[in-house]
Amino acid sequence: LMCPPALLALDCTCIHKIRHRNKESYQSNSLTRWSEVSRRIEMWTSVQELNELGEYTAVELHQAKDVNTGGVFQLRQGHSRRLQVAVKPVLQSGTLPLMVEAILSVSIGCVSVRSTKLQRGLDSYQEEDLNCVRERWSEALMKRREYLDEQIKKIIHKQEKTEDDVEREARLVEQWVGLTEERNAVLVPAPGSGIPGAPAHWTPPPGVEAHIPVLFLDLNADDLTMNEHLTGPHASGVNSILPKEHGSQFFYLPIIRHSDQEVLAVCSWDSSIHDSVHLNRITPPNERIYLILKATVQLSHPASMELVIRKRIAVNVYNKQSFTQSLKRRMSLKNVLYSCGVLYEIVSNIPKASEETEDRETLALMAARGESVSSTDGETYIEKYIRGVLEVENILSLERLRQAVTIKEALSAKGRHIRRSISTPNVQYISCSRSDLSRSEDDDFKGCSETNLDISDSSSNYQDASLYATLPKDSPQKSNKYQGPILEGPL
């Protein structure tokens with residue numbers, strides 16, 4: 001194996017300029033690494049009711065100190081209702097190329113009652129995926145620690161140390177200290193550090209939950225491909241259950257309308273399907289009614305896969321507003337909210353830099369000195385360095401993927417929503433040629449006619465619906481012909 005002299009010279013020159021690392025630089029590098037593999041998405045939901053004019057309008061969302069879901073939806077007893085769900089990425093929240101293409105299905109269930117005086121409020125936060133991220137991260141750091149311990153012991157046991165050995169020992173110890181700081185960040189990340197699980201360092205806007213749950217996609221770190229077929233019952237997020245959710249029934253709701261301008265779906269919701277007295281009667285003042293809303297969305301980037309996200313909502317059923325409530329409503333009409341949301345931190349994989357056993361600049365020095373001693377994994381220093389240099393092709397592929405997502409987001413912002421995205425199940429097949437862009441524009445116009453056809457078909461199916469049907473236990477697939485609210489088996 002031959003290593004390009006120019007690359008070695010460049011790395012060796014940069015090494016002498018970066019001799020010491022402090023805690024601030026470490027946190028900056030850690031933030032940069034995690035921002036490349038993560039991005040946030042927001043899920044918004046609202047409830048619509050049929051008014052006196054025969055139109056569906058959004059119900060009010062009242063704020064309460066004991067409610068952590070963003071507010072309490074005010075539902076009129078006995079009225080026909082609809083649910084609206086919208087999902088979109090958050091701008092400037094990371095550089096992971098993430099794009100949500102469509103909402104595939106929506107289900108609701110897990111009716112629970114909480115006392116406002118004796119019990120704490122519920123929200124949409126869970127740590128199932130966060131624990132998985134920390135476990136994978138800890139395993140990678142443990143392997144690196146074992147490697148550094150082995151290399152440091154080799155130098156310590158040498159009877160005569162050269163200047164190169166002393167310098168290498170200092171660098172290895174420096175890496176070992178940085179590794180200790182990184183291990184501490186796994187369990188107790190600093191607020192606002194950008195590391196998954198870091199305490200929220202922000203003031204959420206009205207209607208938004210304060211805590212940000214994590215969803216782990218577990219993609220291949222080299223090319224962001226899936227390790228397995230993540231659809232249906234194996235989709236990411238299926239097992240990321242919320243507190244009080246286990247064993248609860250969920251009902252799939254018929255989607256009666258999609259939006260061509262954004263990823264949005266409107267569903268018909270008949271609350272009587274839950275057969276819950278808490279949704280049929282007027283809610284007492286000392287009770288809070290909670291439900292969980294689940295949406296399965298289709299991702300086109302970074303990989304073509306399905307993702308399940310959840311939003312817990314709080315509702316209050318009333319019959320008629322009193323004079324005092326009506327007066328308060330008129331006085332605060334300017335500050336009335338109609339929807340609530342939650343932010344999710346989507347993590348594609350563990351940063352590649354955390355999985356490397358030794359810093360690349362140190363490997364460059366060892367390769368330049370002609371060291372050929374193999375480590376326990378059987379690779380020489382020159383082989384390790386060359387393998388790291390060849391990863392630049394994957395970096396360029398990911399950058400092209402980010403540019404493709406940026407272009408599509410810009411077109412969507414201008415009203416040119418692309419219903420069908422460029423097919424990129426693997427970033428190695430990405431093309432930025434003019435022919436690809438022209439094909440995507442043609443598909444855009446074809447998608448408009450397909451959208452109208454899909455809406456008309458779903459409307460006709462919805463009008464003919466009169467029966468209830470059940471679905472097999474772990475199957476999130478929708479039937480093409482609507483047969484009423486579908487019961488989803490407990491997880």
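Atom set for the values below is all heavy atoms of this structure, side chains included, hydrogens, waters and symmetry mates excluded.
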Going by the angle between their ring planes, with limits at 30° and 60°, are His274 and Phe251 parallel, tilted or perpendicular?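 If you compare the ring of His274 with that of Phe251, the planes turn out perpendicular.
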
How many angstroms lie between [atom1] in [X] and [atom2] in [Y], if you round to the nearest 0.5 Å?
X      : Y      : atom1 : atom2 : result
Ile313 : Leu291 : CD1   : CG    : 5.0 Å
Tyr56  : His79  : OH    : NE2   : 11.0 Å
Phe73  : Leu61  : CZ    : CG    : 5.0 Å
Thr45  : Leu293 : OG1   : CG    : 5.0 Å
Glu60  : Ser339 : CD    : OG    : 13.0 Å
Leu215 : Ile41  : CG    : CD1   : 7.0 Å

May I ask you to check whether Glu182 and Trp137 show a side-chain donor-acceptor distance below 3.5 Å?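 Per modelled atom types, Glu182 and Trp137 side chains form a pair under 3.5 Å.
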
Is it the case that Ser240 and Asp129 place a side-chain donor and acceptor less than 3.5 Å from each other? yes

With no hydrogens and no angle check, is any side-chain donor or acceptor of [X] less than 3.5 Å from a backbone partner on [Y]?
X      : Y      : answer
Gln126 : Val214 : yes
Ser38  : Trp34  : yes
Ser138 : Arg134 : yes
Gln63  : Gly70  : yes
Ser124 : Arg312 : yes
Arg114 : Arg120 : yes
Thr95  : Ser35  : yes
Ser236 : Leu307 : no
Arg288 : Gly121 : no
Glu245 : Leu242 : yes

Validation row: [X], [Y] side chains within 4.5 angstrom (heavy atoms):
X      : Y      : result
Tyr252 : Ser107 : yes
Trp269 : Cys267 : no
Leu253 : Asp270 : no
Leu75  : Arg81  : yes
Asn68  : Leu122 : no
Leu343 : Val208 : yes
Ser304 : Gln298 : yes
Val47  : Leu83  : yes

Yes or no on side chain to side chain contact (heavy atoms under 4.5 Å, CB included) for Ile350 and Val37, after CA distance, side-chain angles and deciding distance? CA-CA 7 Å; Ile350 304 300; Val37 297; over 6 Å; no

Worked verdict on Asp218 versus Arg136 for salt bridge (charged side-chain N to carboxylate O under 4.0 Å, His left out): CA-CA 10 Å; Asp218 195 15; Arg136 298 288 182 86; 2.8 Å; yes

Minimal non-hydrogen separation, [X] against [Y], with atom names:
X      : Y      : result
Ile212 : Tyr344 : CG2-C, 4.1 Å
Thr69  : Val67  : OG1-CG1, 3.2 Å
Val113 : Gln119 : O-OE1, 3.9 Å
Val238 : Ile241 : O-CG2, 4.3 Å
Arg281 : Gln77  : CA-NE2, 3.8 Å
Gly207 : Leu337 : N-CD1, 3.9 Å

Stepwise side chain to side chain contact (heavy atoms under 4.5 Å, CB included) test for Ser80 and Glu49: CA-CA 6 Å; Ser80 179; Glu49 285 186 346; over 6 Å; no

Look at [X] together with [Y] and state whether they make a salt bridge at an N to O cut-off of under 4.0 Å.
X      : Y      : answer
Arg40  : Glu345 : yes
Glu139 : Arg144 : no
Lys311 : Glu209 : yes

Over-ring placement of Lys294 relative to Phe250, 6.0 Å and 45° cut-offs: yes

Check the pair Arg82 / Ile256 against side chain to side chain contact (heavy atoms under 4.5 Å, CB included), numbers first and verdict last. CA-CA 10 Å; Arg82 290 180 177 178; Ile256 60 178; 3.2 Å; yes

Tell me every residue that passes side chain to side chain contact (heavy atoms under 4.5 Å, CB included) with Leu264, counting only those two or more places apart in sequence or in another chain. Gln84, Ala86, Ser259, Glu262, Val266

For Lys88, all residues meeting side chain to side chain contact (heavy atoms under 4.5 Å, CB included), sequence neighbours excluded: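 Partners of Lys88 by the side chain to side chain contact (heavy atoms under 4.5 Å, CB included) criterion, ordered by chain and then number, come out as Glu42.
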
Is there a side chain to side chain contact (heavy atoms under 4.5 Å, CB included) between Val72 and Gln74 once you walk through the steps? CA-CA 6 Å; Val72 183; Gln74 304 299 311; 3.8 Å; yes

Answer yes or no: does atom CG of Asn286 have more than 12 heavy-atom neighbours from other residues, nucleotides or ligands under 6.0 Å? yes

Taking salt bridge (Lys or Arg N to Asp or Glu O under 4.0 Å) as the cut-off, I'd like each qualifying pair that reaches into residues 189-207, sequence neighbours left out, listed once. none

